[in-house]
Amino acid sequence: MPSSGLRRPRGTADRLPADAPAWEDVRQTFARECRLRNFQPISTPTFETTELFDKGTGSTTDIVQNEMYTFDDRGGDSVTLRPEGTPSVVRAYQQHGMHVLPQPVKLYYVLPVFRYDRPQAGRLREHHQIGAEALGDPSPAVDAEVIDLLWSTLQALGVTDLALHVNSLGDPESRPEYRAALVDFFTPHADKLCADCQMRLTQNPLRLVDCKKRTCARVSADAPRSLDYVGDAARRHFDTLRDLLGALDIPCTPDHRLVRGLDYYNRTVFEIVPPDSGAQGTVGGGGRYDYLAEALGGPHLPGVGFGSGIERILLNRRRVGLEEAPPPPPEVYVAPLADEALRVVTTVAADLRRAGIVTEAGYAAASPRSHLRRANAAGARVALIVGRREVEAGRISVKPLDGGDQVDVALDAVVPSTQAALAGPVTASDA
RNA sequence: GUGGGCGUAGCUCAAUUAGGUUAGAGCGUCUGGUUGUGGCCCAGAAGGCUGGGGGUUCAAGUCCCCUCGCUCACCCCA
């Protein structure tokens with residue numbers, strides 16, 4: 001690493017040309033799965049009014065409390081780089097009156113999200129998510145479709161050994177009862193809990209259940225389970241969802257410790273994790289949030305969605321041994337051997353490109369050896385050679401680089417001759 | 001926010017036992033080996049204030065301190 005010069009900010013990543021094919025693959029695969037389910041693309045601003053996340057993501061969450069990139073802009077307004085996609089999409093739904101559209105409104109996005117956190121494997125301060133939200137329909141069939149969208153995308157990308165965990169958090173009516181049960185259960189053991197959990201006991205008892213610290217986990221082993229406190233309607237919702245997932249052949253594991261970190265979830269929550277679920281395990285997760293829209297000051301609007309980290313998807317593709325394709329090479333390299341050839345090289349390259357041929361042009365006169373080495377290194381399949389001889393004769397040499405015969409063609413025959421050379425071995429008769 | 005590991009060319013790494021002259025190699029890049037022909041091979045060149053600062057010493061890439069960065073884990077999550 002060079003010590004001098006500017007470096008990228010901590011926790012960010014450069015995406016180099018070699019990375020592009022893998023990213024394109026994720027984008028296109030996801031877009032195709034979305035299209036198949038009639039999800040439409042949406043994109044929202046990279047920064048929003050801070051209030052959106054305070055109210056939407058929830059002020060008790062770790063994200064809002066410690067991880068937001070928040071600053072006052074020059075006009076004195078507090079804005080925040082989005083730490084997740086869902087509140088923005090719900091905001092956009094409200095702002096554009098999407099309630100007049102057929103419901104549910106099904107949207108998807110691919111965008112960067114920002115969280116100020118200490119970087120480590122699979123965790124960046126700026127990362128990218130694919131995500132989808134279905135707004136305006138409370139049916140468990142929508143939950144199933146949203147989960148199916150993520151699941152199918154991951155399958156299509158070749159990550160086939162993941163596990164889907166699901167749970168139900170019930171509804172706001174049943175939440176206080178469950179919360180009270182948790183507090184009742186944990187309070188006698190408060191002295192055995194970690195400092196964070198002592199805090200959670202009063203702040204956010206739900207999160208007591210998923211603390212990974214050994215001592216806390218031991219205490220919570222017999223803790224009340226949310227499913228036992230869920231109301232009848234939520235219970236049926238959960239059962240239907242599980243039945244539909246079964247019908248889709250999506251294996252799911254009920255996980256009573258799964259509560260998710262965001263405040264707004266109700267009923268369905270889910271997470272997709274690798275088999276050896278290590279440190280930064282979660283590839284994607286989401287759930288239902290029927291009361292989020294109201295928290296943002298709008299009318300009641302049921303919704304369900306997910307977010308999934310592209311970097312983590314890619315990590316998992318590598319884990320299962322998938323090779324990424326290299327960036328595609330140019331098809332043709334046009335080599336100027338003399339200064340007089342530059343003009344011809346430039347126009348010929350333009351002609352080829354108009355014909356849809358991926359063309360790299362040499363920018364300065366150099367020896368044929370030098371140019372051909374370059375053409376070979378670039379991976380071109382055909383080299384066009386323009387030297388003094390060609391310029392004077394009004395012709396161009398077409399040289400296949402995979403072993404065909406080099407031919408000499410008139411300027412106005414360059415495009416078809418090149419196409420022929422790209423299609424197969426050139427013979428003298430083609431000239 | 002709390003801990004651990006690591007910082008030498010663009011990349012991967014060398015630099016003998018407790019410090020010893022102008023810090024090397026492979027890959028990659030460029031040029032040449034052919035006064036107009038690639039791959040393989042050969043030769044040459046460019047490319048480093050050894051992350052930065054301070055200290056110890058006759059002498060520091062090497063030892064000490066500080067700092068910055070990278071990285072892994074905790075935490076949190078995608």
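Each chain gets a letter, A, B and so on, in the order its sequence line appears, and its residues count up from 1.
- A donor-acceptor contact under 3.5 Å is not formed by the side chain of A/Arg373 with the base of B/U37.
- A donor-acceptor pair shorter than 3.5 Å can be found between the side chains of A/Tyr109 and A/Glu133.
- For A/Arg312 and B/C77, a side-chain-to-base donor-acceptor distance below 3.5 Å is present, hydrogens and geometry of angles not being considered.
- Within 3.5 Å, a donor on the side chain of A/Arg369 pairs with an acceptor on the base of B/G33, or the reverse.
- Among the heavy atoms of the strands lying under 4.0 Å from A/Glu390 is at least one base atom, whether or not backbone atoms are also near.
- Relative orientation of the A/Tyr178 and A/Tyr229 rings is tilted, given thresholds of 30° and 60° on the angle between their planes.
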Item to check | A/Asn266 vs A/Asp171, side-chain hydrogen bond (donor to acceptor under 3.5 Å, both in side chains): CA-CA, chis, key distance, verdict | outcome: CA-CA 5 Å; A/Asn266 70 302; A/Asp171 291 306; 3.2 Å; yes
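- Stacking here means ring centres nearer than 5.5 Å and ring planes tilted less than 30 degrees, and by that measure A/His371 does not stack onto B/G38.
- A/Ile385 comes within 4.0 angstrom of a nucleotide base, judged by non-hydrogen atoms across all strands.
- Side-chain atoms of A/Arg7 and base atoms of B/G51 include no donor and acceptor less than 3.5 Å apart.
- A/Glu67 comes within 4.0 angstrom of sugar-phosphate atoms only, judged by non-hydrogen atoms across all strands, and of no base.
- Remark: A/Arg10 is in phosphate contact with B/C70, judged by side-chain N or O atoms under 4.0 Å from OP1 or OP2.
- With B/G38, B/A78, B/U31 as the choices, the nucleotide that has an atom nearest any side-chain atom of A/Leu401 turns out to be B/G38.
- An OP1 or OP2 oxygen of B/A78 is reached within less than 4.0 angstrom by no side-chain nitrogen or oxygen of A/Gln129.
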Checklist outcome for this item: For RNA chain B, the expected dot-bracket line (Watson-Crick or G-U under 3.5 Å, [ ] crossing, | inter-strand) is (((((((..((((......[...)))).(((((.......))))).....(((((..]....))))))))))))....
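- One N or O donor and one acceptor, one from the side chain of A/Gln120 and one from the base of B/C75, sit under 3.5 Å apart.
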